[in-house]
Amino acid sequence: MANGWSLLVGLIIIVALSTAAWFLSPKGENQTLFRSTMILAIVSCYLMWAIVFLSQLHPLIAPKRSDIRPDRVPQ
């Protein structure tokens with residue numbers, strides 16, 4: 001079962017990937033563009049994953065059973 005530590009582990013992986021993208025980017029006139037594009041893409045993917053993960057970990061609306069009808073009284 002997933003827990004809150006998954007966010008921290010994911011953040012550590014994202015920091016490592018961003019650092020690798022910073023130092024391993026190819027040299028040239030477009031180096032800053034390549035760096036910023038890679039880091040922005042990595043961080044955007046992490047944020048999307050984190051939002052979806054947290055929304056499933058702590059839902060705002062509790063699930064309801066659909067087979068119960070409170071308006072009907074058994075006779």
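We're numbering straight along the sequence, starting at 1.
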Using atom types as modelled, flag every donor-acceptor pair under 3.5 Å from a side chain in residues 41-55 to any protein atom, sequence neighbours excluded.
residue, atom, partner, partner atom, Å
Ser44, OG, Leu40, O, 2.8
Tyr46, OH, Leu7, O, 3.2
Ser55, OG, Ile51, O, 3.3
Ser55, OG, Val52, O, 2.8

Solution key, residues 16-27 side-chain donor-acceptor pairs under 3.5 Å, sequence neighbours excluded:
residue, atom, partner, partner atom, Å
Ser18, OG, Ile14, O, 3.0
Thr19, OG1, Val15, O, 2.8
Ser25, OG, Trp22, O, 3.3
Ser25, OG, Gln31, NE2, 3.3
Ser25, OG, Arg35, NE, 3.2

Legend entry - Remaining members of the apolar cluster that contains Trp5, side-chain heavy atoms under 4.5 Å: Leu8, Ile12

